[in-house]
Amino acid sequence: MSAAEPLVVAHVIQDVLDPFTSTVPLRIAYNNRLVLAGAELRPSAVVSKPRVDIGGNDMRVLYTLILVDPDAPSPSHPSLREYLHWMVADIPGTTGVNFGQELVVYERPEPRSGIHRMVFVLLQQLGRGTVFAPDMRQNFSCRNFARQYHLNIVAASYFNCQREGGSGGRRFRPGSSEGE
């Protein structure tokens, strides 16, 4: 299975990204739990920003990491698509986000309804200081951002997140005999 296949199945490639070839290893972990594409993480597990390690073999190559929610505020009505949760630029290859510059402070995912895809996108920059933070978090577009700053997508991953008490199933009205 290619690295992009889970992104295709989850419609990340379509809703957020155009098809691309992954060329740089990207390792994401929340509280030492490795995030695999499609993993389910509750909001309580993603309170603090993750550890993100970027592969490659040249520290002179710089990257931007973005975390977006294409399902905000709800998967059935994603009117805020793509909501920007985090952005770190100027990350040297072979290091991690701690070596970059945080342009948009990490905002933990807190979905209110439905299952949200939280998408990490790693983009290769042209040089240091060539990427700037957007004015707003809502209605961000990875595609437009990449075009604006001449960035190439080199890796991506995602996890699913829903509210703590959410089960993803149907909701029943109180007093209804169906849910009993």
Side-chain angles (χ1 to χ4, degrees), residues 1-30 33-41 45-46 49-58 61-72 75 78 80-109 111 114-126 130-134 137-162:
M1 174 165 49
S2 77
E5 195 169 316
L7 299 171
V8 172
V9 171
H11 298 282
V12 169
I13 291 180
Q14 178 185 321
D15 294 348
V16 180
L17 304 171
D18 292 325
F20 71 97
T21 301
S22 185
T23 57
V24 175
L26 177 62
R27 186 179 183 279
I28 304 159
Y30 280 98
R33 179 181 174 194
L34 190 61
V35 175
L36 301 175
E40 169 118 0
L41 296 175
V46 296
K49 57 187 158 188
R51 176 185 169 123
V52 180
D53 296 311
I54 294 162
N57 51 18
D58 190 345
V61 178
L62 300 172
Y63 300 94
T64 297
L65 180 77
I66 295 170
L67 173 61
V68 295
D69 177 355
D71 301 314
L80 301 179
R81 171 180 291 172
E82 301 153 25
Y83 188 86
L84 179 62
H85 280 269
W86 194 31
M87 181 184 290
V88 182
D90 297 336
I91 309 164
T94 76
T95 69
V97 290
N98 294 343
F99 291 90
Q101 179 184 0
E102 191 173 57
L103 299 181
V104 176
V105 174
Y106 181 81
E107 182 180 307
R108 69 181 182 168
I115 299 171
H116 292 238
R117 298 164 295 169
M118 304 303 302
V119 181
F120 287 96
V121 182
L122 185 67
L123 305 125
Q124 185 174 333
Q125 298 176 208
L126 290 177
T130 59
V131 173
F132 302 94
R137 289 180 184 257
Q138 68 271 19
N139 301 120
F140 180 81
S141 168
C142 287
R143 284 184 183 98
N144 292 343
F145 186 78
R147 263 193 298 276
Q148 179 180 358
Y149 294 108
H150 309 288
L151 307 170
N152 291 321
I153 300 167
V154 294
S157 190
Y158 81 101
F159 66 90
N160 292 312
C161 192
Q162 65 180 312

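Under the side-chain contact (heavy atoms from CB on, under 4.5 Å) criterion, Gln138 pairs with Leu80, Tyr83, Met136, sequence neighbours left out. With sequence neighbours left out, the side chain to side chain donor-acceptor pair (under 3.5 Å) criterion links Asp53 to Arg51. Here Ala29 pairs with Arg27 under the side-chain contact (heavy atoms from CB on, under 4.5 Å) rule; sequence neighbours left out. Residues passing the ring-ring contact (aromatic ring centres under 6.0 Å, His included) test with Tyr30 are Phe159, sequence neighbours excluded. Residues passing the side-chain contact (heavy atoms from CB on, under 4.5 Å) test with Leu36 are Leu34, sequence neighbours excluded. For Asp18, the side-chain contact (heavy atoms from CB on, under 4.5 Å) partners two or more places apart in sequence, or in a different chain, are Arg143. With sequence neighbours excluded, the residues satisfying salt bridge (charged side-chain N to carboxylate O under 4.0 Å, His left out) with Asp71 are Arg117. The salt bridge (charged side-chain N to carboxylate O under 4.0 Å, His left out) search around Arg108 returns Glu110, not counting sequence neighbours.
For the atom pair Leu67 CG and Glu82 CD, the distance stands at 11.0 Å (nearest 0.5 Å). Between the CG atom in Leu84 and the OG atom in Ser141 there is a gap of 11.0 Å [rounded to 0.5 Å]. To the nearest 0.5 Å, atom CZ of residue Phe145 and atom CD1 of residue Ile66 are 5.0 Å apart. To the nearest 0.5 Å, atoms CG (Leu62) and CG (Leu151) are separated by 11.0 Å. Between Gln124 atom CD and Leu126 atom CG the span is 8.5 Å, to the nearest 0.5 Å. We find the CD1-CG distance between Ile54 and Leu26 to be 6.5 Å, quoted to the nearest 0.5 Å.
Scanning both residues, His116 and Pro111, for their nearest heavy atoms gives CD2-CB, 3.2 Å. Here the closest heavy-atom approach between residue Val24 and residue Ala155 is recorded as O-CB, 3.3 Å. The two atoms that bring Arg81 and Pro70 nearest to each other are NE-O, 2.8 Å, heavy atoms only. Pro19 and Ile13 make their closest contact through N-CG2, 3.7 Å (heavy atoms, listed as atom of the first residue, atom of the second, distance). Considering every non-hydrogen atom in both Pro25 and Gly56, the closest pair reads CD-N, 3.9 Å.
For the pair Val46/Tyr106, a side-chain contact is recorded, criterion being any heavy-atom separation below 4.5 Å from C-beta on. With contacts defined as side-chain heavy-atom distances shorter than 4.5 Å, the pair Pro50/Val35 does not qualify.
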For this session: Please report the C-alpha distance between Phe120 and Val12 in whole Å, then the side-chain angles of each, then the deciding distance to 0.1 Å, and finally whether the side chain to side chain contact (heavy atoms under 4.5 Å, CB included) criterion is met.
Result: CA-CA 10 Å; Phe120 287 96; Val12 169; over 6 Å; no
Exercise. Yes or no on side chain to side chain contact (heavy atoms under 4.5 Å, CB included) for Leu103 and Gln101, after CA distance, side-chain angles and deciding distance?
Worked result: CA-CA 6 Å; Leu103 299 181; Gln101 179 184 0; 3.8 Å; yes
For this session: May I have the step-by-step check of side chain to side chain contact (heavy atoms under 4.5 Å, CB included) for Val97 and Lys49, ending in yes or no?
Result: CA-CA 10 Å; Val97 290; Lys49 57 187 158 188; 6.0 Å; no
Would you be so kind as to tabulate the donor-acceptor pairs closer than 3.5 Å made by side chains of residues 86-96, with sequence neighbours excluded?
| residue | atom | partner | partner atom | Å |
| --- | --- | --- | --- | --- |
| Trp86 | NE1 | Glu102 | OE2 | 2.7 |
| Asp90 | OD1 | Gln125 | NE2 | 2.8 |
| Asp90 | OD1 | Gly129 | N | 3.1 |
| Asp90 | OD2 | Gly129 | N | 3.4 |
| Thr95 | OG1 | Pro92 | O | 2.5 |

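Contacts classified as salt bridge (charged side-chain N to carboxylate O under 4.0 Å, His left out) and involving residues 61-70 (residues at least two apart or in different chains) are not found. Listed by first and then second residue, the side-chain hydrogen bond (donor to acceptor under 3.5 Å, both in side chains) pairs involving residues 145-158 are Asn144-Arg147 (not counting sequence neighbours).
No more than 12 heavy atoms of other residues, nucleotides or ligands shown are found within 6.0 angstrom of CG on Asn57.
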